[in-house]
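So the structure is just underneath, and the comments pick up after that.
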Amino acid sequence: MRNTFKTALLAAALLTGSGSAMAEENFFLWLVNFTRQKEVQPVDNKAWNEECGSCHLAYQPGLLPGKSWAKLLDEKALADHFGEDASLDDDTLKALRVYALENAADKSWHKRSRKIAQATADGEAPLRIVEVRYIKRKHHDITEKMIKGNKDVKSLSYCNTCHTKAEEGIYDEDTVDIPNFGGHDYD
Ligand code: HEC
Ligand code: HEC
């Protein structure tokens, strides 16, 4: 990360030196992108949003490693997906599987995805994001009263009930607002 930053400063120096407005704009876009790398790559696939966003948030592929998506995005597995039938036609399933595997946590450079990839590197292939050690640890202090006992949340799986920017792939604790409890300084 430190090296990336050095490269950034060097690039900035070179670009400013050239004095071109175009170069400055490119640098700005690059910087915006660099900042985004902190979180999770947002979903940029229409079919994924439609097929996987009707019962819960369309989870970003960068929230699980490829081996988890491979297990989840299987014909048999989808027919009994956490007790629901989430079956897809063959072509859609193939396309969504490719999309998930190409953008999985272990293929992403986004900071949170890297942490998820590291937390699952030792052979685990959790079927749930909330079972990933890193994610579990982050929610350690949240009580059942705030989840199951909270009519506006019900399950930790409904990330976007508390994470106000979850759809954009942003999970930073400063963007949390637990319904009926408040922000991350709830305690
Ligand atoms: C018919 C409804 C339905 C559809 C469609 C659906 N899901 Fe789900 N999904 C569920 C339910 C129910 C759960 C469990 C939620 C809970 O435990 O509270 C779940 C849970 C998950 C989880 C685990 C979340 C966690 O960490 O607890 C993942 C990952 C997931 N779904 C991915 C997908 C993907 C990818 C698709 C699209 C191919 C999809 N789902 C489509 C109903 C659905
Ligand atoms: C009941 C509300 C709630 C739900 C639902 C929830 N979270 Fe969180 N999450 C929180 C709170 C509160 C924190 C901050 C914890 C802290 O400050 O110690 C947090 C922290 C996080 C963090 C770390 C943020 C940081 O700044 O370090 C990540 C990543 C995260 N959640 C992802 C998820 C994902 C993915 C889901 C869904 C699968 C989810 N959360 C569901 C309340 C929730």
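Please read all numbers here as calculations on a predicted model, not as lab measurements. In each ligand, atom 1 is the first atom listed, and ligand 1 is the first ligand listed. Computation of the quantities below employed the complete heavy-atom set of this structure, encompassing side-chain atoms and omitting hydrogens, waters and symmetry-equivalent molecules.
For D91, the side-chain hydrogen bond (donor to acceptor under 3.5 Å, both in side chains) criterion is met by no residue, not counting sequence neighbours. Taking the side-chain hydrogen bond (donor to acceptor under 3.5 Å, both in side chains) definition, one finds that N49 meets it with nothing, sequence neighbours left out. Not counting sequence neighbours, the partners of R137 by the side chain to side chain contact (heavy atoms under 4.5 Å, CB included) test are Y134.
With W69 as the aromatic partner, R97 does not meet the cation-pi criteria of under 6.0 angstrom to the ring centre and within 45 degrees of the ring axis.
The part of I142 lying near ligand 2 is the side chain, judged by heavy-atom distances below 4.0 Å. Of the heavy atoms in L73, only side-chain atoms (C-beta onward) come closer than 4.0 Å to ligand 1. With a 4.0 Å cut-off on non-hydrogen atoms, V176 touches ligand 2 through its side chain and not its backbone. Of the heavy atoms in D141, none comes closer than 4.0 Å to ligand 2.
Those atoms of ligand 1 that come under 4.0 Å of a heavy atom in W48, given as number and element, are 35 (C). Every atom of ligand 2 with a heavy atom of C159 under 4.0 Å away is listed here by number and element: 34 (C), 35 (C), 36 (C), 37 (C), 38 (C), 39 (C), 41 (C). Near D172, meaning under 4.0 Å from any of its heavy atoms, are these atoms of ligand 2: 26 (O). The S54 neighbourhood of ligand 1 comprises atoms 5 (C), with distances under 4.0 Å to a heavy atom of that residue. For ligand 1, the atoms closer than 4.0 angstrom to any heavy atom of I129 are 25 (C), 26 (O). Close contacts between ligand 2 and V130 involve ligand atoms 38 (C) [criterion: under 4.0 Å to a heavy atom].
Protein N/O/S atoms closer than 2.8 Å to atom 8 (Fe) of ligand 1, listed by chain and residue number, are H56 NE2, H81 NE2.
The option from K145, H139, Q60 that lies nearest to atom 33 (C) of ligand 2, judged by heavy atoms, is H139.
The pair D122-R133 meets the salt-bridge criterion, since a charged nitrogen lies less than 4.0 angstrom from a carboxylate oxygen.
The CG atom of L101 lies 8.5 Å from the CG atom of D106; values are rounded to the nearest 0.5 Å.
Nearest to atom 8 (Fe) of ligand 2, among the N, O or S atoms that H163 has, is NE2.
Residues Y171 and K38 have side chains not in contact (no heavy-atom distance under 4.5 Å, counting atoms from C-beta outward).
Within the coordination shell of atom 8 (Fe) of ligand 2, defined by N, O or S atoms under 2.8 Å, C162 is absent.
Judged by the shortest distance from any of its heavy atoms, I135 lies outside the 4.0 Å radius around the atoms of ligand 1.
Checked against a 3.5 angstrom limit, the closest N/O atoms of D85 and ligand 1 fall outside it.
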